[in-house]
Each structure stands twice: as C-alpha cells, then as structure tokens.
Trainee: 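I am attaching a structure below and will ask some questions about it afterwards.
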Amino acid sequence: MSNHALAERHRLTELLAAAGPDAPTLCAGWSTRDLAAHLVVREHRPDAAAGIRVGALADWTHRVQAGYAERPYEELLRLFRAGPPLLSPFALPGADEAANTVEYFVHAEDVRRAGEEWPPQPVPPGRAEALWRRLPLLARLEAGRRSPVRLELRRPDGRSLTVGPAGSPTVRITGEPGELVLFVYGRGARAELAVDGPPDAVTALRHVLPLP
C-alpha cells in the first residue's frame, strides 16, 4: 500500500535541506527554519500545536515554535524526517497518511516554488489521485467558505467538483489535482491553472484567493 505522506515527508525534508535555513517560503513571513520548526512542533508538541487552528492559543504556539526555531537546523530536519514520536496523535495507525499527505505536499511546494523560477515536477499518478480524493472536503473548508463566487474545480480530463455560494456566478479553475490543492490553500498565484469566468466574478475572486 502506498504511503504518500511518507514520500512527501522525505521530499519536503530534502527540499528544506537543499534550501538551507534562511530561504524564503510561500508561508507569509516564514523562512525555511520557521517552517521546519512548525513541522516539528505540530508532531512533537500537541500542547502547542492546537494554537495552529485555535486563535486563543496562538501566542503559546508562537512562543513554543520560536524556541524550536532556535535549535540547530539539522536537528529540526532530523526530528521531522524521523516521523512522529510514539505518543503523538500522528503516530496512530493511518493518521499520518490521512492528515499529512496534503499538508506535506503543500509545504514542499511552499519551499520549491518560493523562488522566481521553479521547474515543472509532475506528481506521481497515485499521489495525484490521493490529492483529488481529499480535495472536495478541503475545497469546502478552505476555499468554498471564503469565495464570493461559485467555484468549479476541474481536472484536464473533465472530472470536476463545485463549491461556493449557490446562485452566484461561476468561475472555472482548471488544473491537475496538485495545482487545485495549492489554489484552495491560497497558493494559486504560484500554481499552473487556467481561469475562466465572467470578468467581474474573476476580479471578486482575486480579492480573496490568489490566482495566476
């Protein structure tokens, strides 16, 4: 059985190592060191990881992450590559694959696409299908609730899904599954996508979600 999260973990670790600790990422305000610290805190410090999603705990998370960021960069990469510790929720059977396939794919591209030029890197077919299976829920949670228009997310082979307010003008976003995932996570400005729809609707969408 394929373990896409493990493959993306290794890819992300290699990208972070090649970039070094002070390279930019697509995570606003974060260097590669900050991103590495985030990844370690998320798996090793569940007491602090809650602040990633819960605003009231964000200050605590920030302090813990800042402390980890002061550690040697190589140590952060070693901890991340090794996987979640035994008592981490991500160590439960199936949890890493379910929770981290998309997480690590997006963050790997956060590192890879942060520069001015980034060569095409096709996603393996099995991993592309795994991303596509997760896209409907992610699109509703990440893009559908923010978009002022109806979104049709379409693959080049014609398969599609629709999210966003019913009755609104529709904007079609076409791309491979990985590119669509990057779009719903707010990385659309660095994604390979085709955008089609009424000009006013596209403009309204650009105000809340970056587009190429």
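All values derive from a computational prediction rather than experimental measurement.
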Trainee: Could you tell me the separation between the CD atom of E75 and the CZ atom of F80, rounded to the nearest 0.5 Å?
Mentor: 15.0 Å
Trainee: Can a donor-acceptor pair be found between the side chains of D34 and S31 at a distance below 3.5 Å?
Mentor: yes
Trainee: How long is the span from the OG atom in S88 to the CG atom in D96, to the nearest 0.5 Å?
Mentor: 9.0 Å
Trainee: I need the H44 NE2 to F90 CZ distance, nearest 0.5 Å.
Mentor: 11.0 Å
Trainee: Which value, rounded to the nearest 0.5 Å, describes the distance between R134 atom CZ and T101 atom OG1?
Mentor: 4.5 Å
Trainee: Can you list the steps and then say if L180 with L182 is a side chain to side chain contact (heavy atoms under 4.5 Å, CB included)?
Mentor: CA-CA 5 Å; L180 295 173; L182 292 174; over 6 Å; no
Trainee: Strictly distance-based, threshold 3.5 Å: is any side-chain N or O of N100 a donor or acceptor partner for the main-chain N or O of E103?
Mentor: no
Trainee: Can you list the residues that meet the side chain to side chain contact (heavy atoms under 4.5 Å, CB included) rule with A143, with sequence neighbours excluded?
Mentor: L151, V184, L209
Trainee: Is the shortest side-chain N to carboxylate O distance from E14 to R11 below 4.0 Å?
Mentor: no
Trainee: Shortest non-hydrogen contact from L205 to V171?
Mentor: CD2-CG1, 3.9 Å
Trainee: Do Y185 and F105 come close enough that some side-chain heavy atom pair is under 4.5 Å?
Mentor: no
Trainee: Got a salt bridge between R155 and E129, using NZ or NE/NH1/NH2 to carboxylate O under 4.0 Å?
Mentor: yes
Trainee: Considering all heavy atoms of both residues, which atom of S147 and which atom of P165 are nearest to each other, and what is their separation?
Mentor: O-CD, 3.4 Å
Trainee: In Å and rounded to the nearest 0.5 Å, what is the CZ to CD distance from R127 to E8?
Mentor: 4.5 Å
Trainee: Would you please test L16 and L35 for side chain to side chain contact (heavy atoms under 4.5 Å, CB included) and show each step?
Mentor: CA-CA 9 Å; L16 287 167; L35 177 54; 4.2 Å; yes
Trainee: T13: which residues meet the side chain to side chain donor-acceptor pair (under 3.5 Å) condition with it, sequence neighbours left out?
Mentor: none
Trainee: Is it true that L161 and V181 fall in one hydrophobic cluster, defined by side-chain heavy atoms closer than 4.5 Å?
Mentor: yes
Trainee: Take R113 and Q121, measure what side chain to side chain donor-acceptor pair (under 3.5 Å) needs, and give me the verdict at the end.
Mentor: CA-CA 11 Å; R113 304 189 190 204; Q121 190 175 83; over 6 Å; no
Trainee: With a 4.0 Å cut-off on N to O distance, would you call E97 and R9 a salt bridge?
Mentor: no
Trainee: Taking all atoms of both residues into account, what is the closest heavy-atom pair of A114 and P24, and its distance?
Mentor: CB-O, 3.3 Å
Trainee: Show your reasoning for whether side chain to side chain contact (heavy atoms under 4.5 Å, CB included) applies to I173 and L211.
Mentor: CA-CA 9 Å; I173 311 291; L211 292 169; 3.9 Å; yes
Trainee: What about L153 and V195, same hydrophobic cluster or not, with Ile/Leu/Val/Met/Phe/Trp/Tyr joined at side-chain heavy-atom distances under 4.5 Å?
Mentor: yes
Trainee: Looking at CZ of R112 and CG of L26, how far apart are the two atoms once the value is rounded to the nearest 0.5 Å?
Mentor: 10.5 Å
Trainee: Measure from the side-chain N and O atoms of R150 to the backbone N and O of G164, and report whether any donor-acceptor pair falls under 3.5 Å.
Mentor: yes
Trainee: Taking the side chain as everything from C-beta on, heavy atoms only, tell me whether C27 gets closer than 4.5 Å to H107.
Mentor: yes
Trainee: Under the side chain to side chain contact (heavy atoms under 4.5 Å, CB included) criterion, do R159 and W132 qualify, and how do the steps go?
Mentor: CA-CA 10 Å; R159 283 182 281 174; W132 177 252; 4.0 Å; yes
Trainee: Is L137 reachable from L131 through a run of I, L, V, M, F, W or Y residues, each pair having side-chain heavy atoms under 4.5 Å apart?
Mentor: no
Trainee: Would you say T25's side chain and W30's backbone share a donor-acceptor pair under 3.5 angstrom?
Mentor: yes
Trainee: Do R71 side-chain atoms and G67 backbone N/O form a donor-acceptor pair below 3.5 Å?
Mentor: no
Trainee: Hydrophobic clustering (ILVMFWY, side-chain heavy atoms < 4.5 Å, transitive) - are V163 and V202 grouped together?
Mentor: yes
Trainee: Do V149 and V208 share a hydrophobic cluster (ILVMFWY, side-chain heavy atoms under 4.5 Å, transitive)?
Mentor: yes
Trainee: What are the two closest heavy atoms between A37 and L76, and how far apart are they?
Mentor: N-CD1, 4.1 Å
Trainee: Which pair of non-hydrogen atoms, one from A91 and one from P85, has the smallest distance, and what is that distance?
Mentor: CB-O, 3.3 Å
Trainee: At their closest point, which heavy atom of A36 faces which heavy atom of L77, and how far apart are they?
Mentor: CB-CD2, 4.2 Å
Trainee: Less than 4.0 Å between a side-chain N and a carboxylate O, is that true for R190 and E109?
Mentor: no
Trainee: Hydrogens and angles aside, do H62 and D59 bring a side-chain donor and acceptor to less than 3.5 Å of each other?
Mentor: no
